[in-house]
Amino acid sequence: MFQMKGKDFLKLLDCTPEEIKGLLTLAADFKQKKQAGIPHRLFEGKNIALIFEKSSTRTRCSFEVAGHDLGMQVTYLDSGSQLGKKESVPDTARVLSTMFDGIEYRGYGQALVEELAEYASVPVWNGLTDEAHPTQVLADLLTVQERFGGLGQVKLVYYGDSRYNMGNSLMVGCAKMGMHFVVCSPKEYFPDPQLVTVCQKIAGETGAILEFQEDPEEAAQGASVLYTDVWVSMGEPDQIWAKRIADLSAYQINQRLMELAGPKAVFMHCLPAYHDKKTTVGKEVCEKFGRDCLEVTDQVFEGPQSIVFQQAGNRMHTIKAVMAATL
Ligand code: CP
Ligand code: NVA
């Protein structure tokens with residue numbers, strides 16, 4: 001079995017292309033086993049802690065189901081724990097390391113998960129920070145690989161706020177995998193120039209192409225994947241919606257962009273998505289700004305080119321691979 005024993009999984013920049021490929025192969029193997037009903041309780045007797053300082057459906061469920069499939073006991077900690085209020089990150093890290101074999105953390109700054117990992121003596125897995133969402137991008141890469149039979153020839157265009165976790169992690173993941181990655185947004189939403197420089201250096205080694213484009217229609221031409229995320233992320237203030245809608249509406253993924261990309265192209269989204277008004281936030285924002293949907297139209301989301309639920313399901317297999325390889 002592919003191994004990264006004892007390593008943390010904090011951001012894709014820390015992984016070599018070979019490690020990412022190894023994790024994808026392991027995830028595909030676990031997926032096959034799960035679908036065939038072949039048990040893989042490889043870590044019977046181990047215990048893992050899941051810390052969530054922000055909401056989650058996919059990531060939490062993926063860690064819980066993957067943990068159980070691997071034979072482990074899972075403990076969930078939310079805002080009811082002492083972390084950050086009465087106990088520091090270093091102290092919590094050392095306490096949890098005496099009881100658990102691995103720790104997942106979802107929260108705010110990347111510095112927090114890095115500090116947790118520095119003080120923990122067991123592997124720490126990043127379940128999303130403001131700056132990175134590495135387990136999501138592993139699932140995205142597996143999904144693209146399943147759909148197109150490989151990653152090298154794939155042009156993936158990311159529409160929206162490219163400075164946040166999804167834009168950053170997709171850029172790093174695509175650069176490491178030698179893909180053609182296009183950021184498509186207004187200039188002020190382009191990723192941090194320092195990260196761009198690092199990724200351009202990686203691209204020089206892997207053969208990846210990185211492009212920064214402001215024209216949504218031009219970006220869609222010849223694309224294999226049109227990808228977007230919410231325009232306001234967890235932890236950002238609600239007041240920012242007005243500016244984001246003004247700045248990013250032209251970057252909404254709609255049928256016109258899908259048609260420009262062509263019939264073989266797919267639509268991807270890390271989810272949750274505001275494609276209709278069936279959620280409290282979606283309804284409130286849409287009604288306030290006189291819209292039916294936000295970053296993607298319902299037609300595209302529900303359409304035949306959308307692979308978002310296959311993508312969501314792959315979160316579990318890839319998270320299982322991360323835990324198994326590092327434990
Ligand atoms: N994509 C993702 O991380 O979803 P959750 O917020 O539901 O975990
Ligand atoms: N950018 C989003 C991703 C959710 C999976 C957020 O941080 O809320």
Side-chain angles (χ1 to χ4, degrees), residues 9-12 27 50-67 74 76-79 104-113 125-144 158-173 183-185 189-192 195 225 227-238 240-241 244-245 247-248 251-253 267-275 278-282 285 294-296 301 306-320 322-323:
F9 188 74
L10 305 179
K11 54 186 187 298
L12 290 176
L50 311 181
I51 306 172
F52 280 85
E53 299 204 283
K54 288 178 177 171
S55 312
S56 171
T57 297
R58 277 143 291 270
T59 310
R60 176 183 175 179
C61 294
S62 295
F63 271 101
E64 293 216 15
V65 173
V74 179
Y76 178 77
L77 296 161
D78 60 11
S79 52
E104 178 277 354
Y105 175 83
R106 165 173 287 200
Y108 294 88
Q110 179 72 13
L112 288 170
V113 76
W125 310 298
N126 180 356
L128 177 145
T129 58
D130 296 344
E131 292 91 339
H133 198 2
T135 61
Q136 175 69 52
V137 170
L138 264 194
D140 299 343
L141 293 172
L142 179 65
T143 312
V144 170
Y158 180 79
Y159 290 92
D161 183 356
S162 309
R163 309 160 303 175
Y164 223 71
N165 42 28
M166 284 311 306
N168 291 342
S169 291
L170 277 168
M171 179 166 69
V172 175
V183 160
C184 187
S185 58
Y189 292 86
F190 282 180
D192 171 25
L195 183 63
V225 182
Y227 197 123
T228 192
D229 180 17
V230 291
W231 292 338
V232 175
S233 286
M234 287 183 280
E236 294 194 291
D238 287 345
I240 205 102
W241 271 111
R244 292 289 161 78
I245 287 176
D247 292 347
L248 298 174
Y251 298 86
Q252 177 196 64
I253 299 188
F267 167 70
M268 293 177 71
H269 191 306
C270 53
L271 305 185
Y274 295 122
H275 59 98
K278 291 180 188 157
T279 62
T280 48
V281 177
V285 176
L294 296 165
E295 73 275 7
V296 56
F301 186 90
S306 172
I307 57 168
V308 294
F309 296 110
Q310 175 187 345
Q311 180 186 0
N314 280 338
R315 296 297 310 285
M316 201 279 284
H317 309 295
T318 40
I319 280 173
K320 193 183 282 178
V322 169
M323 289 199 288

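All ligand and atom numbering here is 1-based and tracks the order in the structure.
In the vicinity of Met234, heavy-atom distances shorter than 4.0 Å reach the ligand 2 atoms 6 (C), 7 (O), 8 (O). Proximity to Thr57 (heavy-atom distance under 4.0 Å) selects the following atoms of ligand 1: 5 (P), 7 (O), 8 (O). Every atom of ligand 2 is numbered from 1 in the order shown, and the set under 4.0 Å from a heavy atom of Leu271 is 5 (C). Atoms of ligand 1 found under 4.0 Å from any heavy atom of Leu271 (numbered from 1 in listed order, with element): 1 (N), 2 (C), 4 (O).
Of the heavy atoms in Arg106, only side-chain atoms (C-beta onward) come closer than 4.0 Å to ligand 1.
Atoms CD and CG, on Glu53 and Leu128 in that order, are 12.0 Å from each other to the nearest 0.5 Å. Interatomic distance, CG of Asp140 versus CE of Met268, reported as 4.5 Å (0.5 Å rounding). Separating the CZ atom in Phe309 from the CG atom in Asn314 is a distance of 13.5 Å, to the nearest 0.5 Å.
For the pair Ile253 and Glu295, the minimum side-chain heavy-atom distance is 4.5 Å or more. Annotation: side chain of Ile319 is in contact with side chain of Thr59 (closest heavy-atom distance under 4.5 Å).
Looking at Leu138, Asn126, Val113 one by one, the single match for side-chain contact (heavy atoms from CB on, under 4.5 Å) with Phe9 turns out to be Leu138.
An N or O contact shorter than 3.5 Å links Cys270 to ligand 1 by distance. Taking only nitrogen or oxygen atoms, main chain and side chain alike, His133 does not reach within less than 3.5 Å of ligand 2. Checking only distances, Asn165 does come within under 3.5 Å of ligand 2, N or O to N or O.
Note on ligand 2: Thr59 sits outside its first shell, no heavy atom being nearer than 4.0 Å.
Using the six-membered ring where Trp is involved, Tyr159 and Tyr251 have ring planes that are tilted, between 30° and 60° apart. Ring pair Tyr227/Tyr158 is tilted by interplanar angle, where 30° to 60° counts as tilted.
At the top of the distance list for atom 2 (C) of ligand 1, counting protein heavy atoms only, stands Arg315 NH1, 3.3 Å. Protein heavy atom closest to atom 4 (C) of ligand 2, with residue, atom name and distance, is Leu128 CD1, 3.9 Å. Looking at atom 3 (C) of ligand 2, its nearest protein heavy atom turns out to be Asp229 OD2, 3.6 Å.
In this structure, Arg60 fails the cation-pi test against Phe52, since its NZ or CZ atom is not both closer than 6.0 Å to the six-membered ring centre and inside 45 degrees of the ring normal.
Proximity annotation for atom 3 (O) of ligand 1: of Arg60, Arg58, His133, His133 comes nearest, heavy atoms only.
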